[in-house]
Amino acid sequence: MKRTHHCNELRPEHIGQTVTLAGWVHSRRDLGGLIFIDIRDREGRTQTVFDPSALPKDLFDRAASLRSECVIAAAGKVRRRPEGTNNPKIATGEIEVAVTELELLNYADVLPFAVDDPEIASKVNEELRLKYRYLDIRRPEMLRNLRLRSKVATATRVFFDEQGFMEVETPILFKSTPEGAREFLVPNRREPGTVYALPQSPQQFKQILMVAGVEKYYQLARCFRDEDQRADRQLEFTQIDLEMSFIEREDLYTLIEGLLKRVWKVALGMDIETPFKRLSFVEAMNRYGMDKPDARFEMELVDMTEDFRNSAFKVFSGAVQAGGVVKALNARGLAGATQGQIETMTDYAKSFGAKGLAYIKVEGGEWKSPIVKFFSETERAALQSKLKIEEGDLILFAADQWLNACEILGRIRLYCADVLSAQGKLNIDPRRFDFLWVVDFPLLSFDKEQNRWYSSHHPFTAPVAEDIPLLTTDPKKVRGQHYDIVVNGWELGGGSIRIHQRDVQKTIFEQILQIPPDIAQARFGYMLEAFRYGAPPHGGIALGFDRLIAILCGTQSIRDVIAFPKTAKGADLMTEAPAPVEPKQLRELHLELRIPRKEG
RNA sequence: GGGGGCGUAGCUCAAUUGGUUAGAGCGCUGCCCUGUCACGGCAGAGGUUACGGGUUCGAGCCCCGCCGCUCCCGCCA
């Protein structure tokens with residue numbers, strides 16, 4: 001019995017036809033003298049009817065013995081449902097199939113959890129869902145996510161093909177470049193003591209492809225980073241990776257805006273507005289306290305540095321005297337914050353090294369705060385006018401070095417938004433997408449512990465041309481030609497115009513990053529050499545494909561858009577990877593294990 | 001590496017201050033039921049309270065340890 005239609009296909013116009021459906025028993029309603037079975041496949045479901053007056057007894061009995069998730073094929077005539085028994089909840093609800101033939105393709109044991117009821121299934125413990133991932137994926141919600149992922153992947157390929165890009169695959173077995181994220185290593189059987197590394201991104205290869213004259217490269221690239229995981233980070237993940245020659249930053253913005261416009265149209269049928277806003281890193285920090293701002297709501301940071309420069313309140317004036325700033329945030333409507341909530345926010349501040357968190361609750365026409373008594377009339381007036389303080393507001397302060405003060409309030413801003421959302425005081429339209437570019441990042445950041453500069457993005461990022469002279473004189477002022485694409489507070493991707501001159505790249509490696517020349521040569525020698533033979537100016541970007549799909553699917557966790565994701569500890573609960581291997585396998589790899597004993 | 005949350009029947013959850021035989025809904029098993037679609041009705045089975053210790057007359061509940069899942073910080077060039 002081969003199916004003639006899928007389970008979301010039959011409509012009144014098929015009435016009278018003899019059809020065959022195949023799929024899973026979604027639900028069975030046995031009325032004793034009459035059995036209804038909904039057959040489900042990936043497209044939908046269709047009601048079939050078993051009527052004993054029209055069927056041999058054994059066929060009817062076989063239908064009665066089926067249980068949920070058995071795989072069956074059923075043939076019969078499509079007919080209109082009796083008056084008043086249509087089911088408007090499903091697309092096939094006007095018809096049913098009066099079964100005359102039934103084949104049990106495979107019996108199903110009782111399932112560890114129900115997949116037919118979205119209400120229940122969506123609440124099932126994720127551990128169980130991961131262990132029985134094949135059942136989890138049967139749920140229409142999960143199938144929808146995977147289907148959307150597939151559609152977006154295809155749309156991406158079509159888009160880049162139209163734009164003249166070539167899809168090029170790059171090696172998974174690469175070599176270790178320990179500057180970036182921790183890498184997965186693959187021991188080499190052929191030469192004891194040597195290893196491959198899995199790529200944390202195809203960065204070097206795609207730049208080499210530019211030297212190779214490919215000009216426009218893209219790839220849906222699998223990347224590997226052996227770092228601790230989050231809801232939006234997995235050990236292995238997929239990037240939409242691309243690189244172009246002979247371009248400037250603006251060319252890339254336009255290209256990616258075009259891609260995202262296409263993707264949103266294909267995936268959600270939405271027209272998003274381009275071009276996106278541009279925000280410098282400094283402005284993003286000043287206004288939102290984050291380099292990946294969620295701009296769907298206001299609650300912006302306000303600078304109060306000058307107003308408190310000479311304040312009698314030493315916590316503020318002292319911070320300013322020490323070269324820092326005073327920043328404030330008005331969390332509208334949060335004056336009723338509980339002690340616990342204030343404490344949570346204080347903990348955030350402390351985790352950034354602050355001593356505490358100053359705040360004012362505006363309640364009953366009064367400013368309730370332990371610090372207000374130190375403020376002068378002028379200072380109060382400045383707060384009043386700059387923060388537009390009203391009854392019910394909660395004002396929060398950070399006084400510290402600029403970056404730290406911004407980051408403290410940036411974190412607290414998000415927390416306040418969560419609290420206000422939970423209270424129904426802040427409503428964000430789930431169909432709202434605030435895209436923006438964050439640009440002009442500092443090229444370098446300083447690592448106090450190791451007392452050296454490191455690349456904010458990666459060491460191949462080109463400095464803004466006019467800032468190149470500052471590289472050796474005032475490194476912190478050098479802006480990189482780096483850009484991040486951000487949507488709703490998620491970092492969707494980032495990239496840069498790259499260094500294509502050998503001498504500039506060498507300066508960065510050796511003088512700025514203090515990588516000893518022999519090590520730079522061992523790690524990046526092939527790149528430096530490639531740059532000697534005619535490297536075009538080039539740049540690119542990589543978008544987190546899993547995050548992109550998660551945003552489109554409206555889920556917080558990328559595990560919901562990955563068929564077989566890993567747990568926070570890096571385990572695959574279905575296959576039970578990672579797992580020990582045979583001693584023979586280790587011997588072949590010239591490996592010996594030294595497994596640390598547990599304490600106690 | 002650090003901090004928070006969770007773990008009770010197949011699933012989702014409950015169990016008063018530490019106190020009788022650990023309950024409910026769904027699912028499962030059996031019987032009944034010819035227009036259901038969350039079918040309905042009756043009956044029944046199902047528990048090492050993740051695991052290991054401890055405190056106590058008595059522990060699902062308190063303490064210590066451990067395992068797993070999850071969220072966050074660090075980390076993620």
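Values reported hereafter were calculated over all heavy atoms of this structure, with side chains retained and with hydrogens, waters and symmetry mates removed. Numbered from 1 within each chain, the chains take letters A, B, ... in sequence-line order.
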Pairwise [atom1] distance, [M] and [N] [rounded to whole Å]:
N	M	atom1	result
B/A22	B/C32	C1'	32 Å
B/G44	B/G3	C1'	48 Å
B/G25	B/G46	C1'	15 Å
B/G19	B/C62	P	11 Å

Nearest-Å distance for atom pair NZ/C1', residues A/K123 and B/U70: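 Distance check: A/K123 NZ to B/U70 C1' gives 17 Å.
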Spacing between A/Q556 atom CD and B/C72 atom C1', to the nearest angstrom: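 It is 14 Å, rounded to the nearest whole Å.
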Could a donor-acceptor pair under 3.5 angstrom be found where the side chain of [X] meets the base of [N]?
X	N	answer
A/R182	B/G74	no
A/D228	B/G74	yes
A/R233	B/C76	yes

5'-most by nearest nucleotide on RNA chain B - A/T567 or A/S351: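 The 5'-side residue here is A/T567.
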5' priority, RNA chain B, between A/A568 and A/R67 [closest heavy atom]: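 Here A/R67 is the residue nearer the 5' end.
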Test: salt bridge (charged side-chain N to carboxylate O under 4.0 Å, His left out). Region: [range]. Which pairs qualify, not counting sequence neighbours?
range	value
residues 230-239 of chain A	A/R222-A/E236, A/D232-A/R547, A/E236-A/K566
residues 78-95 of chain A	A/R79-A/E96
residues 553-564 of chain A	A/E126-A/R559, A/R129-A/D560

Partner set under side chain to side chain donor-acceptor pair (under 3.5 Å) for A/K355, not counting sequence neighbours: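 Per chain and number, A/K355 pairs via side chain to side chain donor-acceptor pair (under 3.5 Å) with no residue.
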Any side-chain donor near an acceptor of the partner, A/Q203 and A/Q207, under 3.5 Å: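 There is such a pair (donor and acceptor under 3.5 Å, judged by atom type) between the side chains of A/Q203 and A/Q207.
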Under 4.0 Å protein heavy-atom contacts per nucleotide of nucleotides 35-40 of chain B, with B for base, S for backbone only and - for none: BBBSB-
Touch class at under 4.0 angstrom, heavy-atom based, for A/Q203 against every strand present: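 Counting heavy atoms under 4.0 Å across all strands, the contact made by A/Q203 includes a base.
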Distance under 6.0 Å and angle within 45° of ring axis: A/R411 vs A/Y348: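 Pair A/R411/A/Y348 counts as cation-pi.
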side-chain contact (heavy atoms from CB on, under 4.5 Å) involving A/F205 - partner list, sequence neighbours excluded: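 With sequence neighbours excluded, A/F205 shows a side-chain contact (heavy atoms from CB on, under 4.5 Å) to A/T170, A/P171, A/F174, given in chain and number order.
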